[in-house]
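Notes follow the structure.
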Amino acid sequence: MSHTIQMKQKHLLLRAAFQETIERPPVWVMRQAGRYLPEYRAIRSQAKSFLNLCYTPELAAEVSCQPWELIGVDAIIMFSDILTPLVGLGLDLSFDAGPVFLNPIRTLSDVQALSHFDPEKHTDFVGKTLDLIQKRVQQAVPILGFAGAPFTLACYAISGKKITSFAQIKRLLHEDKPMMQALMEKLTDLTIRYLNYQIACQVDMIQLFDTWAGVLSPEDYKEFVFPYVEKIFASLDKKGEVPYAYYIRGGEHLRDYMATSGANIIALDWMSDLTENIKQYGDKVAIQGNFDPDLLFCEPHTIQKLVEQKLTSLPKKTGFIFNLGHGIDKEVPPEHLRSLVNTIKAFRF
Ligand code: CP3
């Protein structure tokens with residue numbers, strides 16, 4: 001093992017991910033770099049648009065570091081979006097309240113017309129952002145990379161706008177298998193290249209976001225989604241050194257698949273019973289989650305009480321990473337998140 005690996009293995013997050021001894025669970029929060037922070041909003045208006053912020057490494061690195069510097073979370077997640085790599089395929093992405101693709105994918109020939117994704121060329125801004133974050137934090141805190149999983153990316157690529165119904169994509173899964181298969185293969189290949197690029201850029205952990213896979217029945221998930229997810233985790237570099245997390249919103253009925261997908265960590269939303277999941281899956285994988293994001297609107301003393309209840313009910317002393325069950329809301333007062341983080345940091349097993 002090289003010296004750098006030994007240094008990085010000391011981070012609490014990585015020790016929890018690999019089920020080693022920890023004094024308390026580490027904490028980070030989905031969407032931690034975001035609009036609830038006035039400091040984020042200031043940089044966001046300097047950047048003019050959300051996409052410009054993603055594409056400007058100096059600013060993206062700045063907002064990536066804010067939650068660590070201002071709130072004290074135990075990890076930095078690089079600032080970008082799951083949809084930015086799709087621009088490399090030739091999709092015309094913009095954000096207008098939510099993501100918009102001007103040229104959504106509907107047919108097999110739309111899929112065949114997509115360009116070849118080259119991470120160094122199409123997402124060099126991500127490599128530069130990671131480099132700037134690393135220079136700034138000097139290994140004091142682990143850095144997470146991420147990607148969207150193929151099904152979740154396909155939902156956006158097909159819808160072309162804010163998703164209000166999954167009927168269209170479910171119909172295509174069953175009625176246009178050649179098109180869906182070609183699209184899922186293309187997105188799987190993109191995801192593997194994109195994550196391995198981030199791993200080559202020295203991220204310490206990665207998370208695969210399959211936010212929408214929970215809308216599928218177990219049969220459809222097994223046939224149309226799981227093989228691609230398995231392929232992704234099997235194809236990632238630095239196994240056993242960089243942990244892989246897999247998140248599904250509303251994925252309780254898919255938990256056996258999640259736990260056998262090849263991920264080291266499965267990330268739960270707040271609708272799942274944390275203790276039961278740890279008891280059932282905690283020997284196989286680490287568990288991440290699952291505080292209800294709405295409860296961050298409670299007063300800090302209530303948040304403290306709720307977090308302490310969760311921590312004292314844990315059935316195991318390692319293999320747990322504290323997070324929210326989904327992204328933090330933009331109206332949450334920052335001091336409420338600080339109360340959550342401070343409570344976890346004061347806790348000892
Ligand atoms: O702090 C972090 O978590 C890192 C950055 C990050 C963003 N999006 C920034 C963002 C990450 C990891 C994501 C992931 C993402 N993006 C997911 C998967 C996780 C999840 O939330 O389920 C999805 C589905 C998206 C797609 C997406 N991006 C949507 C639907 C929206 C609009 C909704 C909204 O919250 O406004 C975005 C925009 C977006 N991505 C924002 C941020 C901070 C808000 C835009 C802004 O600042 O103007």
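What's counted below: heavy atoms across the whole structure, side chains too, no hydrogens, waters or symmetry copies. Because the structure is predicted, anything quoted here is derived from the model rather than measured. Start at 1 and go down the list; that is how both ligands and their atoms are numbered.
In this structure, a donor-acceptor pair under 3.5 Å is present between the side chains of Ser272 and Glu252. Neither side chain, Tyr247 nor Asp269, offers a donor N or O lying under 3.5 Å from an acceptor on the other.
By the salt bridge (charged side-chain N to carboxylate O under 4.0 Å, His left out) test, Lys135 pairs with Asp131, sequence neighbours left out.
At least one side-chain heavy atom of Leu340 sits less than 4.5 Å from a side-chain heavy atom of Leu296. You'll find the side chain of Leu268 stays beyond 4.5 Å of the side chain of Asp273, heavy atoms only.
Annotation: ligand 1 has protein neighbours Met30, Arg31, Gln32, Ala33, Arg35, Tyr40, Arg44, Phe50, Ile77, Met78, Phe79, Ser80, Asp81, Ile82, Phe95, Ala97, Gly98, Pro99, Phe146, Tyr156, Phe209, Thr211, His326, each with a heavy atom less than 4.0 angstrom from the ligand.
With Ser339 contributing its side chain and Glu335 its backbone, the two residues share no donor-acceptor pair below 3.5 Å.
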